[in-house]
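In what follows, residues are counted from 1 in the order of the sequence shown. Both ligands and their constituent atoms are indexed starting at 1 by order of listing.
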Amino acid sequence: MVRIEDVVVSFDLGGGQEHTVLNKLSLEVKQGQTVSIIGSNGAGKSTLLNSIAGSIPLHAGHIHLNGEDVTSWAEWERARYLGRVRQDPMAGTAGEMTVIDNLALAARKGPRRFRIATPPRFAREMERKLAELGMGLESRLRENVSRLSGGQRQALTLLMAVISHPTILLLDEHTAALDPANAEIVDALTRRFINEYDLTALIITHDMKRALEQASRVIMMHEGEIIADLSGPEKEKMNVAALVRLFKKVRGSEYAEDRDLLI
Ligand SMILES: Nc1ncnc2c1ncn2[C@@H]1O[C@H](COP(=O)(O)OP(=O)(O)OP(=O)(O)O)[C@@H](O)[C@H]1O
Ligand SMILES: [Mg+2]
């Protein structure tokens with residue numbers, strides 16, 4: 001469960017100037033729910049996920065995860081509840097470490113057990129999990145991650161995000177840098193992991209079609225606010241054109257996006 005109450009985030013622009021990026025934003029996502037987050041560039045989508053993860057300080061408001069007020073918790077303390085994947089395939093893994101050592105680190109997430117040791121049983125289990133990704137990684141356990149393709153790396157990052165059994169998954173355009181075929185594979189994996197691990201998921205995407213398909217609820221953000229929150233029958237009858245119209249109606253301006261992404 002994720003509950004965000006009246007969260008304000010501003011960045012200091014210098015010279016006494018402040019830029020308010022999240023403006024008293026509130027949102028509740030129930031256990032097991034998947035939510036797509038869409039919105040124009042600079043809307044505050046990444047900032048929202050960063051506030052949940054504790055990567056940036058809040059100016060005001062509260063964050064609850066699994067019923068606990070984690071507002072004062074450090075990023076590493078919150079990490080036990082959270083799995084995260086960002087857009088850049090290079091960011092989620094340590095390139096100069098092997099596949100199995102990356103997985104071992106992820107499995108022992110948290111500051112106390114920062115010891116890399118890979119007993120054979122762990123390696124066998126990981127081989128099985130990697131085979132399930134369908135990317136041929138099960139035979140590359142001892143290779144450095146830097147030798148993998150972007151798609152393979154992102155699939156591995158996703159596996160690393162769920163391997164410590166978090167309850168909440170935060171995905172920030174995690175397939176945007178991949179070619180369509182790999183994006184499709186990683187998207188299918190995402191759906192499978194969300195079901196298999198019974199995760200609450202917040203997924204940022206610029207792909208409106210995907211946003212509608214992958215989640216039972218779609219949130220549209222603009223200038224630090226949630227301007228539409230669609231679920232139930234209202235969401236079911238939505239399509240991409242209707243989402244674009246809705247944006248125009250709410251904001252009185254065109255959706256500032258590359259047309260290609262809307263189809
Ligand atoms: N560390 C920072 N310092 C100053 N301004 C920031 C910082 N991080 C984000 N911003 C600003 O906050 C606003 C929202 O940024 P954010 O990255 O959350 O947008 P976004 O919705 O994720 O956009 P995109 O779709 O382009 O990823 C932007 O105007 C951005 O410039
Ligand atoms: Mg972003």
Checking salt bridge (Lys or Arg N to Asp or Glu O under 4.0 Å) for the pair D187/R210: CA distance, chi angles, key distance, verdict?
CA-CA 9 Å; D187 265 317; R210 194 155 270 157; 2.7 Å; yes
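- Selection from S40, S10, S51, G42 by nearest heavy atom to atom 28 (C) of ligand 1 gives G42.
- Residue S51 is tested with I56, I4, V8, L25 for a side chain to side chain contact (heavy atoms under 4.5 Å, CB included); the sole match is I56.
- Residue E173 places a heavy atom under 4.0 Å from ligand 1.
- Residue-ligand proximity, T47 to ligand 1, at heavy-atom distances under 4.0 Å covers atoms 14 (C), 15 (O), 16 (P), 18 (O).
- The distance criterion of under 3.5 Å between nitrogen or oxygen atoms is not met by G39 with respect to ligand 1.
- Shown here for G95 and N144, the closest heavy-atom pair between the two residues is O-CB, 3.6 Å.
- An N or O contact shorter than 3.5 Å is missing between V21 and ligand 1 by distance.
- Polar contact check, G44 against ligand 1: a nitrogen or oxygen pair lies under 3.5 Å apart.
- Here atom 22 (O) of ligand 1 lies nearest to S46 when heavy atoms of A43, A176, S46 are compared.
- A salt bridge links R192 and E132; the closest N-O separation between the charged side-chain nitrogens and carboxylate oxygens is under 4.0 Å.
- Take I185 and apply the side-chain contact (heavy atoms from CB on, under 4.5 Å) test, not counting sequence neighbours, and it matches M135, N182.
- Contacts between H19 and ligand 1, counted as non-hydrogen atom pairs separated by less than 4.0 Å, involve the side chain only.
- Remark: R3 engages E5 in a salt bridge, criterion side-chain N to carboxylate O under 4.0 Å.
- The pair R121-E125 does not count as a salt bridge, with every side-chain nitrogen at least 4.0 angstrom from each carboxylate oxygen.
- Excluding waters, the set of protein N/O/S atoms under 2.8 Å from the Mg ion (ligand 2) reads S46 OG.
- Ligand-side atoms of ligand 1 in range of H206: 25 (O), range being under 4.0 angstrom from any heavy atom.
- When all heavy atoms of V218 and A211 are compared, the closest pair comes out as CG2-O, 3.7 Å.
- Listed by chain and number, the residues in a side-chain contact (heavy atoms from CB on, under 4.5 Å) with A201 are T34, L169, I194, I203 (sequence neighbours excluded).
- Qualifying side chain to side chain donor-acceptor pair (under 3.5 Å) partners for D198, counting only residues two or more places apart in sequence or in other chains: none.
- Atoms of ligand 1 found under 4.0 Å from any heavy atom of N41, numbered from 1 in the order shown, are 23 (O), 24 (P), 25 (O), 26 (O).
- Annotation for G39 and H206: closest pair O-CE1, 3.6 Å, computed over non-hydrogen atoms.
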